[in-house]
Amino acid sequence: MSSRGCSIVWLRRDLRVEDNPALAAGVRAGAVIAVFIWAPEEEGHYYPGRVSRWWLKQSLAHLDSSLRNLGTCLITKRSTDSVSSLLEVVKSTGATQLLFNHLYDPISLVRDHRIKEALTAHGVAVRSFNADLLYEPWEINDDEGYPFTTFTEFWDRCLRMPFDPESPLLPPKRIISGDVSRCPSDTLIFEDESEKASNALLARAWSPGWSNADKALTTFINGQLIEYSRNRRKADSATTSFLSPHLHFGEVSVRKVFHLLRLKQLSWANEGNKAGDESVNVFLKSIGLREYSRYMSFNHPHSHEKPLLGHLRFFPWVVDESYFKAWRQGRTGYPLVDAGMRELWATGWLHDRIRVVVSSFFVKVLQLPWRWGMKYFWDTLLDADLESDALGWQYISGTIPDGRQFDRIDNPQFEGDKFDPNGEYVRRWLPELARLPTVWIHHPWDAPESVLQAAGVELGSNYPLPIVEIDSAKVRLEEALSQMWQHEAAARAATENGMEEGLGDSESTPIAFPQDMQMEMDHEPVRNAPVVTTVRRYEDQMVPSMTSSILRYEDEETTSVEFRNTAEESRAEVPTNVNATGTLRADTLAQDNAQTVHTNNHLPQINLALRRRNSEESISESSSSSRGVVPVWSPQTSYTDQYIGEENGAGPSSSYMQNHQQSHSHQVINWRELSQTG
DNA sequence: GGCTAATTATA
DNA sequence: ATAATTAGC
């Protein structure tokens, strides 16, 4: 065993020992060194928020103790550069192999690619696996081989794939530990003094860690799941799975979730239990949305900062920090919105329905830039997840082809009647309205003065009047939209006249986040939650895009040869390209594809396909066709040109991308060739 | 059975 | 908001 050298299993958002392909491969190969690297500076804007860090801390401790029971431990490293930290671990342990599971957020795509290059160059074998998804993003394409652009089609295909998702792997019985005597752990600091008190409260409601996640899954499947379909409308009830933070950190395998759900569904279907059967479908769909968020991030890595529908670039967002602040504090004057925002701040948790309500209000009524809201969710949610958040906000904002209609404004008052008919939710989070009769609870501004007085409500004093009237929001939205279309048409005309990138393209740079995103504690319900003092501000940097590499592909012989070698190496380890039913696996196809293409012109076929689609077709969006303009799925007009410009150094925040340039241009081939399904 | 009203779902 | 589905007559 030891003659083979040991494997580093680099754990990230796969903090579990069960169904962890990278870990399993390491155990199979011999001695294992499990490593977690805390390098939040690499995340740019997206330094994890307080509650998310709290979760991570607990989850790592839990994992470490499991690993110790199995015969090893978790080595933790504090770093500002994962690549050099991994190289250090290699040096101090003599490891010959690096194993990890795939991530699909834009930062990881680039970073993990660099790591493959760097470690391979140092003679370390690198293998990576799918542990996060039912199917890899590149496995799901339409009949012509193009990625889907709407969720429904995507999910339909996932459920009808010719091969099932991998079956979950059992946890290893025992792990042989590599020699870590010269590889000490760093102590990781996840909270500071001011955060401890609020964090202590979290432990009452949540139990991070993979075996707790497993219990939560079982509890849900044997409990609330059967009623999931019927209960999903109720905003204020404990009828959800509460799995999302567990899933974010990979404490539970989505493939295990899938298999258990299918089993349950089968037995309910056999009993003729319609409600149960339907509940499984509905819950599976939310798993599907999580899958789709990775799919979208992989195919459009800038989707957390740019609308996918090109014309939305020209929407004149209201850059008003006082609106933003009122929203964060739950002082908009709309009870359902305010209750939601206060619950979010106080608990780090929000029912999906309420997330829709508050974010839709943010985008459509306040017309604030959706990325601000997304960032706030990132900072405050316990299950903060960049890919899911980006999908959610783009959906709400109507900036993806199957998003909500852009010109639709939901009225929080009516949503209140629907989701909180008795006003219990509002009363719980807005004590100042607690004595208001239910008829007025979602629109106190209409209540007679005597009623307000009796309830102790003083509008404009202890509870605000609506900061924006719905009617004026509608008018403003109309105006903004017609402005948007004008700008879009002007830009289009400019491009057609050969002015190329000259298009007064101020919107190509996302609106910066406000300087002050801290939450000020000047209202009641959250008094005992201290101010977050550790929101770090790192230098403004946009995350790099993989799409530019997809569209502007300049392969270099040396690199591709290197990749091919590595791919062959790993394939030798894992010879089974044929699954149980004898169907050719998609990853085999992908490899063959890529190799074929190498001999042609260095362009993987999928890239050609993307390029063709982007330039020849446009995807029409229902809400806008009435205006006679066909919006385009933005690669063509916006980010193709735009990102090339950025890579040339013209962009405002090209530093990160310049640093990563070479790796950047080989992104796709890397994933397709080096990926292994263990 | 066929119409309208009410309900429901909507990524 | 709206389209689709179901309930009620």
Side-chain angles (χ1 to χ4, degrees), chain A residues 133-134 137 140 142 147-159 227-235 239-240 244 247 274-275 277-300 303-304 307-309 312 350-365 370 373-374 377 383 385-421 470-471 473-475 477-478 481 619-627 631 633:
Chain A
L133 296 175
L134 301 175
I140 306 294
D142 66 17
F148 291 103
T149 52
T150 57
F151 169 71
T152 312
E153 289 179 298
F154 164 82
W155 187 231
D156 188 61
R157 175 56 57 96
C158 289
L159 293 175
E227 299 283 307
Y228 189 77
S229 175
R230 206 167 56 79
N231 284 337
R232 92 195 103 135
R233 262 160 266 120
K234 301 193 157 186
T239 54
T240 61
S244 57
L247 279 166
K274 280 267 173 68
D277 186 52
E278 173 62 9
S279 283
V280 173
N281 285 335
V282 172
F283 185 72
L284 271 176
K285 200 173 80 175
S286 66
I287 296 294
L289 285 165
R290 179 184 175 281
E291 296 272 311
Y292 191 61
S293 73
R294 272 76 178 149
Y295 187 77
M296 188 169 95
S297 177
F298 179 81
N299 288 120
H300 304 280
S303 61
H304 63 297
L308 291 194
L309 291 173
L312 259 301
L350 219 45
H351 186 111
D352 181 57
R353 289 282 151 171
I354 303 299
R355 296 185 196 204
V356 170
V357 169
V358 300
S359 56
S360 159
F361 181 83
F362 184 96
V363 173
K364 302 297 177 61
V365 178
W370 60 270
M374 192 189 89
F377 270 22
D383 56 16
D385 180 285
L386 197 56
E387 297 93 309
S388 294
D389 285 352
L391 174 62
W393 280 86
Q394 292 236 23
Y395 164 69
I396 292 299
S397 306
T399 57
I400 44 176
D402 51 352
R404 295 268 264 247
Q405 283 197 336
F406 197 89
D407 53 4
R408 163 182 161 181
I409 292 188
D410 291 298
N411 189 322
Q413 178 190 334
F414 302 142
E415 291 181 311
D417 295 337
K418 250 193 288 183
F419 305 137
D420 182 31
I470 296 297
D471 285 342
K474 277 182 185 156
V475 173
L477 189 62
E478 286 287 307
L481 281 170
I619 295 160
S620 62
E621 183 205 33
S622 52
S623 65
S624 50
S625 49
S626 58
R627 292 178 188 262
W633 185 250

Can you pull every protein N or O that's under 3.5 Å from an N or O on nucleotides 9-11 of chain B?
| residue | atom | partner | partner atom | Å |
| --- | --- | --- | --- | --- |
| B/dA9 | OP1 | A/Arg233 | NH2 | 3.3 |
| B/dA9 | OP2 | A/Arg233 | NE | 2.7 |
| B/dA9 | OP2 | A/Arg233 | NH2 | 2.9 |
| B/dT10 | OP1 | A/Lys285 | NZ | 3.4 |
| B/dT10 | OP2 | A/Arg232 | NH1 | 3.2 |
| B/dA11 | OP2 | A/Lys285 | NZ | 3.0 |
| B/dA11 | O3' | A/Asp402 | OD2 | 2.7 |

Checklist entry - Looking at A/Phe151, is A/Lys285 sitting on its ring face, NZ or CZ under 6.0 Å from the six-membered ring centre and within 45 degrees of the normal? => result no

Checklist entry - So, the side chain of A/Tyr295 versus the backbone of A/Ile140: is there a donor-acceptor pair under 3.5 Å, distance only? => result yes

Item to check | Integer-rounded Å distance: C/dT2 C1' and A/Phe414 CZ | outcome: 15 Å

Checklist entry - Would you call A/Glu415 and A/Lys418 a salt bridge, using N to O less than 4.0 angstrom? => result no

Checklist entry - Between A/Asp410 and A/Arg404, is there a side-chain N and carboxylate O pair less than 4.0 Å apart? => result yes

Checklist entry - Ring centroid separation for A/Phe148 and A/Trp155, is it under 6.0 angstrom? => result no

